[in-house]
Novice: 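Handing you this structure, nothing more for now.
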Amino acid sequence: MPQNRRQGSNYGVILLMYTLFANNDYLPPVTLGAIVLQVAIYLGFIPPLDPSNTYQLCVHPSRILNKGEWWRLLAPTLMHGDDMHLYFNMVSLLWKGRRLERHLGSKRFLLTLVIFSVLTSLTMVGMSVGIEEYAGMRSWNLMQQCAVGFSALDRFHLLRLSPYIGAREIYCCLVAGR
C-alpha cells in the first residue's frame, strides 16, 4: 500500500466490502468497475489520482475557467474526502447502478456516468459564476471553492433517471417507490 496514504480507520471501505460481498445479487460490470476503481483510487493504488492529490484534482471553478484545467470537470468525481464519503456514494451507486445498468445496458450506462460527471462539474462552475458575477455575491468566494465526490453526480442523474430505478418525485423530493 502506498506510504502517503491518509491515516484513518477506513471503516467506510470495510463497510463497503461487506455490503458488496454480503449481498449475492448480480452486480453489473460497469457498476462493479466504477466501485472498484474508486476504492482503488481512495486507497492510493493509482498514483496520479492518489488521495494526497485531492486538492489538485478537485472541481475548482476559477482554475477551470482562468487556467483551462478542463480535466477538473471529470477527475473530481473519482475523489472522496474520507472513507464514509466514499462508502455512502458507492452504496448509492450500487443500489442505482444495479437497476440503471440493467435498464440502459452497460455501454449506455457508462456513457451516462461520464456525461453526467462532466455535467455535474459544469453545473457547479456555472452556478459559481452566476452567483458571484451576476448575483453580486463575490464575498461567498465560490470561484475558489474545491469540491470532490460522486454524490452530486448521483443526485443529478437520479433526478433524470428516477423512473427507471423505482423512485418517484413528490414535492421536489425523491422517495423510494415499489
Side-chain angles (χ1 to χ4, degrees), residues 1-17 19-20 29-97 109-160:
M1 186 179 285
Q3 296 300 316
N4 57 355
R5 175 73 184 97
R6 291 180 287 199
Q7 297 297 320
S9 61
N10 286 327
Y11 289 132
V13 175
I14 294 167
L15 283 170
L16 180 59
M17 293 302 112
T19 303
L20 285 172
V30 172
T31 301
L32 177 61
I35 292 170
V36 168
L37 174 66
Q38 291 186 62
V39 169
I41 289 168
Y42 180 77
L43 292 175
F45 290 112
I46 302 176
L49 299 172
D50 189 87
S52 64
N53 297 328
T54 298
Y55 183 77
Q56 289 80 17
L57 297 169
C58 66
V59 175
H60 195 289
S62 70
R63 288 183 177 225
I64 292 169
L65 296 174
N66 299 330
K67 295 186 179 188
E69 296 178 1
W70 299 105
W71 49 267
R72 287 181 181 267
L73 295 174
L74 185 59
T77 59
L78 301 173
M79 306 301 291
H80 290 85
D82 62 31
D83 61 323
M84 294 310 289
H85 182 207
L86 175 72
Y87 170 73
F88 286 115
N89 282 295
M90 294 304 99
V91 167
S92 180
L93 173 63
L94 177 64
W95 186 79
K96 294 171 186 102
F109 182 65
L110 177 61
L111 182 62
T112 300
L113 289 179
V114 172
I115 289 171
F116 281 111
S117 293
V118 172
L119 285 177
T120 299
S121 296
L122 282 172
T123 300
M124 181 183 166
V125 171
M127 289 176 69
S128 297
V129 169
I131 291 170
E132 277 200 16
E133 300 294 325
Y134 299 108
M137 298 180 182
R138 291 182 190 267
S139 64
W140 289 14
N141 210 22
L142 296 175
M143 294 295 288
Q144 303 304 319
Q145 296 299 313
C146 192
V148 295
F150 209 69
S151 50
L153 167 70
D154 187 39
R155 285 158 193 59
F156 193 63
H157 87 263
L158 173 61
L159 290 173
R160 174 68 180 101

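Just so you know, residue 1 is the first one in the sequence shown, and it goes up from there. Computed from a predicted model, the values in this text were never measured in an experiment.
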Novice: To the nearest 0.5 angstrom, please state how far the CD1 atom of I115 sits from the CG atom of L119.
Specialist: 7.0 Å
Novice: Working note: L113 + F150, criterion side chain to side chain contact (heavy atoms under 4.5 Å, CB included); need CA distance, chi angles, decisive distance, verdict.
Specialist: CA-CA 10 Å; L113 289 179; F150 209 69; 4.0 Å; yes
Novice: Provide the closest heavy-atom pair for P51 versus G44 in the form atom of the first, atom of the second, distance.
Specialist: CD-CA, 3.6 Å
Novice: Return yes if some donor-acceptor pair links the side-chain N/O of N89 with the main-chain N/O of H85 below 3.5 Å, else return no.
Specialist: yes
Novice: Atom CG in L122, atom CG in L73: separation rounded to 0.5 Å?
Specialist: 5.0 Å
Novice: If you compare all heavy atoms of P61 against all heavy atoms of L142, which two are closest, and at what distance to 0.1 Å?
Specialist: CG-O, 3.8 Å
Novice: Give, for atom CE of M90 and atom CG of L20, the distance between the pair rounded to the nearest 0.5 Å.
Specialist: 10.0 Å
Novice: Taking the side chain as C-beta and beyond, is there a heavy-atom pair between L57 and W71 under 4.5 Å?
Specialist: yes
Novice: Which heavy atom of P76 sits nearest to which heavy atom of C58, and what is that distance?
Specialist: CG-C, 3.4 Å
Novice: Under a 4.5 Å cut-off applied to non-hydrogen side-chain atoms, are H80 and V148 in contact?
Specialist: no
Novice: Can you measure from OH (Y42) to CG (L37) and round to the nearest 0.5 angstrom?
Specialist: 15.5 Å
Novice: Checking side chain to side chain contact (heavy atoms under 4.5 Å, CB included) for the pair V39/M17: CA distance, chi angles, key distance, verdict?
Specialist: CA-CA 10 Å; V39 169; M17 293 302 112; 4.1 Å; yes
Novice: Report the distance from atom CG of L78 to atom CD1 of I41, rounding to the nearest 0.5 Å.
Specialist: 4.5 Å
Novice: Side chains of N10 and L43, heavy atoms from C-beta outward: is any pair under 4.5 Å?
Specialist: yes
Novice: Start with the C-alpha gap between H60 and M143, add the side-chain angles, then the distance that decides, and say whether side chain to side chain contact (heavy atoms under 4.5 Å, CB included) holds.
Specialist: CA-CA 7 Å; H60 195 289; M143 294 295 288; over 6 Å; no
Novice: Verify side chain to side chain contact (heavy atoms under 4.5 Å, CB included) between M84 and L15, making sure each step is shown before the conclusion.
Specialist: CA-CA 9 Å; M84 294 310 289; L15 283 170; 4.1 Å; yes
Novice: For the residue pair R72 and V125, establish whether any side-chain heavy-atom pair is separated by less than 4.5 Å.
Specialist: no
Novice: Using side-chain heavy atoms (C-beta onward) and a distance below 4.5 Å, is W70 in contact with I64?
Specialist: yes
Novice: Looking at D83 and V13, would you say the former's side chain and the latter's main chain have a donor-acceptor pair under 3.5 Å?
Specialist: no
Novice: I'd like to check L86 versus Q38 (side-chain heavy atoms, cut-off strictly below 4.5 Å). Are they in contact?
Specialist: yes
Novice: With a 3.5 Å distance limit and no angle check, can you tell me whether T120 reaches the backbone of F116 through a side-chain donor-acceptor pair?
Specialist: yes
Novice: Would you check if M137 and E132 make a side-chain contact, meaning some heavy-atom pair closer than 4.5 Å?
Specialist: no
Novice: For the atom pair OH (Y87) and CG (L94), what is the distance rounded to the nearest 0.5 Å?
Specialist: 9.5 Å
Novice: Compare all side-chain heavy atoms of I35 with those of L16 and state whether any distance is below 4.5 angstrom.
Specialist: yes
